[in-house]
Amino acid sequence: MSEETKMVWQFLLTGLVGLVGWLMKSTIDDLRRVEKQLAEHKTDVAKSYATKFDVLENTKQVMSRFDRLEEKIDRLVENSK
């Protein structure tokens with residue numbers, strides 16, 4: 001191979017390695033950005049939505065109040081007879 005051919009190959013390989021490096025850096029930067037957005041989304045979801053335990057406790061409270069209301073209605077019906 002002549003010196004000119006070697007230089008052309010070195011130039012092309014250097015350009016190719018540079019391009020691959022730039023693409024990898026760009027991809028890694030995008031991945032980090034998406035990971036950050038996912039972490040922020042998880043935080044927002046945790047603030048906005050109730051856990052199963054919270055829903056269960058609230059349901060128990062509502063049912064307890066309905067039970068008391070039902071008892072009061074039963075007493076009113078019995079007293080009106």
With a cut-off of 6.0 Å (strictly less than), are more than 12 heavy atoms of other residues, nucleotides or ligands near CD of Glu4? no
Distance-only check: which donor-acceptor pairs under 3.5 Å involve side-chain atoms of residues 57-78, not counting sequence neighbours?
unit_1	atom_1	unit_2	atom_2	d
Asn58	ND2	Asp54	O	3.4
Thr59	OG1	Val55	O	2.7

Working to the nearest 0.5 Å, report the span between NZ of Lys42 and CG of Asp44. 12.5 Å
Nearest 0.5 Å, what's the CD-OG1 distance between Glu40 and Thr43? 7.5 Å
Side-chain donor or acceptor of Ser26 paired with backbone N/O of Trp22 under 3.5 Å: no
When rounded to the nearest 0.5 angstrom, what distance separates CD1 in Ile28 from CD in Glu35? 10.5 Å
Decide, yes or no, whether a salt bridge links Lys25 with Asp29 under the criterion of side-chain N to carboxylate O below 4.0 Å. yes
Supply the atom-to-atom distance Leu19 CG to Leu12 CG, rounded to the nearest 0.5 angstrom. 12.0 Å
Going from CE on Met7 to OG1 on Thr14, what distance comes out if it is rounded to the nearest 0.5 angstrom? 11.0 Å
